[in-house]
Amino acid sequence: MSPSLLVKKNWYHKMFYMFYVIKNKDNKNKISYIKSPFFKCFNKNQTNPININLPDTFTPWHLDINKQKDKYFMLCNGYWSKPPLWGVKEYNKYAVLLATSKDLKNWNVVTNILNCNNIPSSSCKYVYRSTSLINDKYIIIWYSFVNNYDEWKIGIKKLY
């Protein structure tokens with residue numbers, strides 16, 4: 001579920017990487033990728049799990065992956081502890097973690113960058129997912145969240 005596509009190019013060819021979350025019944029979702037030289041042809045039997053140091057109580061849900069120079073950045077949306085229940089505030093503990101990689105296989109979680117405690121809205125119920133653009137100076141993140149009135153909103157955060 002929740003795929004993120006990345007193109008890795010060098011001077012003689014390009015490779016497409018599709019990252020996605022594998023939903024497990026034990027609430028321990030895993031992140032994997034499939035790669036292919038062709039945009040439309042991915043073999044789901046050739047999955048490659050990644051190595052990532054996610055906290056034990058964090059379950060990944062949505063992904064966004066970008067590259068800046070020789071480094072890859074992953075926004076990993078997920079939740080803490082139990083699966084969220086729709087509309088129940090104490091169980092909706094979503095967050096977006098930032099992870100980095102040099103090789104797309106080994107990832108290190110850098111920080112918890114988005115949650116209801118570090119966005120400007122004072123009526124945040126939960127942050128749901130995000131996408132980003134990266135340039136030489138900063139990462140711009142657009143994120144969706146639900147406020148205490150059950151309204152969906154879009155926010156923006158800039159990281160330097």
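Each residue takes its place number in the sequence, starting with 1.
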By side chain to side chain contact (heavy atoms under 4.5 Å, CB included) - contacts of Pro55 (at least two apart):
Phe58, Trp80, Leu97
Do Ile134 and Val7 share a hydrophobic cluster (ILVMFWY, side-chain heavy atoms under 4.5 Å, transitive)?
no
Non-neighbouring partners of Phe16 that pass ring-ring contact (aromatic ring centres under 6.0 Å, His included), sequence neighbours left out
Phe39
Between Tyr17 and Met15 the two heavy atoms that sit nearest each other are CE1-CG, 3.5 Å
Sequence neighbours excluded, every pair satisfying salt bridge (Lys or Arg N to Asp or Glu O under 4.0 Å) that has a member inside residues 55-67
none
Roughly how far, to the nearest 0.5 Å, is the OG atom of Ser101 from the CG atom of Asn108?
8.0 Å
Shortest non-hydrogen contact from Val109 toward Leu54
CG2-CD2, 3.8 Å
Tell me if a side-chain donor or acceptor on Ser4 pairs with a main-chain N or O of Ile65 at a distance below 3.5 Å.
yes
Measuring only between side-chain heavy atoms, which start at C-beta, is Asn29 closer than 4.5 Å to Trp61?
yes
Cluster link Ile31 to Val110, ILVMFWY, side chain under 4.5 Å
no
Let me confirm one number: the CG-OG distance from Asn147 to Ser122, rounded to the nearest 0.5 Å.
9.5 Å
Answer yes if the ring centres of Tyr128 and Trp152 are under 6.0 angstrom apart, and no otherwise.
yes
Mind listing the side-chain donor-acceptor pairs of residues 153-160 below 3.5 Å, one per line with the distance, residues two or more places apart or on another chain?
| unit_1 | atom_1 | unit_2 | atom_2 | d |
| --- | --- | --- | --- | --- |
| Lys157 | NZ | Ile113 | O | 2.8 |
| Lys157 | NZ | Asn118 | O | 3.2 |

Salt bridge (Lys or Arg N to Asp or Glu O under 4.0 Å) against Lys102, all qualifying residues, sequence neighbours excluded:
Asp70
Which pairs count as side chain to side chain donor-acceptor pair (under 3.5 Å) when at least one residue sits in residues 42-51, sequence neighbours excluded?
Asn51-Asn106
Is there a donor-acceptor pair under 3.5 Å between the side chain of Asn66 and the backbone N or O of Phe73?
no
Residues in side chain to side chain donor-acceptor pair (under 3.5 Å) contact with Ser2, at least two apart in sequence or another chain
His62
Correct closest heavy-atom pair for Pro49 and Ser32 would be CA-OG, 3.5 Å
Any donor-acceptor pair under 3.5 Å linking the side-chain atoms of Gln68 with those of Asp136?
yes
What verdict does the side chain to side chain contact (heavy atoms under 4.5 Å, CB included) test give for Tyr33 and Leu6, after you've listed the backbone C-alpha separation in whole Å, the side-chain angles of each residue and the deciding distance to 0.1 Å?
CA-CA 10 Å; Tyr33 68 91; Leu6 179 79; over 6 Å; no
N/O donor-acceptor pair under 3.5 Å between Ser36 side chain and Cys41 backbone:
yes
Sequence neighbours excluded, the answer for ring-ring contact (aromatic ring centres under 6.0 Å, His included) partners of Tyr143 is Phe145
Tightest non-hydrogen contact, residues Trp107 and Leu104, listed as NE1-O, 3.0 Å
State, to 0.1 Å, how close Leu75 and Val96 come at their nearest heavy-atom pair, and which atoms those are.
CB-CG1, 4.0 Å
Report yes if some heavy atom in the side chain of Leu114 is under 4.5 Å from a heavy atom in the side chain of Tyr94; otherwise report no.
no
Return each pair, listed once, that meets salt bridge (Lys or Arg N to Asp or Glu O under 4.0 Å) where at least one residue sits in residues 3-17; pairs must be two or more places apart or across chains.
none
For Asn112, which residues count as a side chain to side chain donor-acceptor pair (under 3.5 Å) partner, sequence neighbours excluded?
Asn115
Single-linkage hydrophobic cluster, 4.5 Å side-chain cutoff, Trp142 and Val127 together
no
Minimal heavy-atom distance between Lys30 and Asn24, with the atoms involved, is CG-ND2, 3.5 Å
Give a yes or no on whether Ile119 and Tyr126 share a hydrophobic cluster (residues Ile, Leu, Val, Met, Phe, Trp, Tyr; joining criterion: side-chain heavy atoms under 4.5 Å apart).
no
Nearest 0.5 angstrom please: Thr100 OG1 to Leu98 CG, how far?
7.0 Å
Taking the side chain as every heavy atom from C-beta outward, state whether Phe19 and Ile50 have any pair of such atoms under 4.5 Å apart.
yes
Residues that Tyr72 engages under ring-ring contact (aromatic ring centres under 6.0 Å, His included), provided they are two or more places apart
none
